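Okay, so here's the structure we're looking at.
This one's a predicted model, so the numbers in the text were calculated from it and none came from an experiment.
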Amino acid sequence: MPHSSLSNSPECIMKAPLAVIAFLLPTIYAFAPNKGAVCRANTIGRHASVQQDPTFTPPDTSSISEQAWYARFEMLFADAAARMKRVFVPIDRDVSDSGMVGISYIYWEGDRKATRQKLCPVLLVHGFDSSSLEYRRLGPRLAALGVDVYCVDLLGWGYSQLENVKSFSARAKIDALKSFWQTVGNNEQVVIGGASLGGAAVIEVASQDLSFVKGTILIDAQGFVDGIGPMISQARDTGVKINSIT
């Protein structure tokens, strides 16, 4: 199970989601229908036609043991894990011979009574060597405010399919992310957000001028570069050994 770091301070754990919500909501509300965005469709039954992976088992959280003041938050961990599903999405055969790959995600349906506005859904992408469980506290808080929240695992990380996958390259990750929303989100307009490396994936998707990307949220985002970037070149000049990752 990927490790999801927790702050040593309960105050930080309580305040961090609130700070992120304060950051996210202006962007989400900016894309409400009266601001020019396409209305959110009814999500009931939206996922019924999606081909789910029958072999997938949600993460087991029973072995997690934290200090008493973590109890409330690790209940959220268990709830998020129980919600996780894995669906098959189309992918290039250079990535998988079957032309399909399993992508795991967590979904929180927005509280319809929380707002009269029909908000765009939000698709959140985790950071390096993490998983969709990274958003186990933020997801339900946004949903309580009326936002449909999808947290997805990038190909090769989290609980996405590993077996019979030939490539976990940056391009394969981006293609799988796009295919996920085209499959699960029915190409509806979405505000897509990412933290750290997830932010890099969001930048790549948004830069392709796709019709479904209505807005982006970047949280301490990184960026992909072709070849060896200038900062790495400087490091190499100091004698640091650099291995290219493709």
Check against salt bridge (charged side-chain N to carboxylate O under 4.0 Å, His left out), D79 and R137: CA-CA 10 Å; D79 174 73; R137 295 188 290 272; over 6 Å; no
Qualifying salt bridge (Lys or Arg N to Asp or Glu O under 4.0 Å) pairs, either residue in residues 154-165, two or more places apart: none
Validation row: V87, F56 side chains within 4.5 angstrom (heavy atoms): no
Any residue meeting side-chain contact (heavy atoms from CB on, under 4.5 Å) with D220, in chain and number order, not counting sequence neighbours: none
K178 and L210: CA distance, side-chain angles, deciding distance, side-chain contact (heavy atoms from CB on, under 4.5 Å) verdict: CA-CA 9 Å; K178 292 188 297 184; L210 300 171; 3.4 Å; yes
Min side-chain heavy-atom separation L119-V191 under 4.5 Å: no
Shortest non-hydrogen contact from A143 toward V149: N-CG2, 4.0 Å
Sub-6.0 Å ring centroid separation between W157 and F168: no
Test item: E204 and K173 side chains (from C-beta on) under 4.5 Å apart, heavy atoms: no
Cluster link F180 to M100, ILVMFWY, side chain under 4.5 Å: no
Validation row: I174, Q208 side chains within 4.5 angstrom (heavy atoms): yes
side-chain contact (heavy atoms from CB on, under 4.5 Å) between T115 and L145, worked out: CA-CA 7 Å; T115 177; L145 296 173; over 6 Å; no
Pair K85-Y107, side-chain contact (heavy atoms from CB on, under 4.5 Å): steps then yes or no: CA-CA 9 Å; K85 298 179 181 179; Y107 170 63; over 6 Å; no
Atom pair CG/CD1 of L123 and I217 - distance to nearest 0.5 Å: 10.0 Å
Nearest non-hydrogen partners of A221 and L218, listed with the distance: CB-CB, 3.9 Å
Co-membership, hydrophobic cluster, residues Y159 and F88, 4.5 Å side-chain: no
Sub-4.5 Å side-chain heavy-atom contact between L154 and S160: no
Distance-minimising heavy-atom pair for G127 and E134: N-OE1, 3.2 Å
Partner set under side-chain contact (heavy atoms from CB on, under 4.5 Å) for A172, not counting sequence neighbours: V95, L155, S167, S169
Salt bridge D97-K166, side-chain N to carboxylate O under 4.0 Å: yes
Shared hydrophobic cluster for I203 and F128 (ILVMFWY, side-chain gaps under 4.5 Å): yes
Minimum heavy-atom distance between A114 and G146, given as atom pair plus value: CB-N, 3.7 Å
Contact check, side chains of L177 and I192, non-hydrogen atoms, under 4.5 Å: yes
Close side-chain approach of T55 to R86, heavy-atom, < 4.5 Å: yes
Flag, side chain of W181 to backbone of Q189, donor-acceptor distance under 3.5 Å: no
Non-hydrogen side-chain atoms of Y150 and S132 separated by less than 4.5 Å: no
Heavy-atom neighbours of N187 CG exceed 12 at 6.0 Å: yes
Least distance between heavy atoms, A80 atom then L133 atom: CB-CD2, 3.8 Å
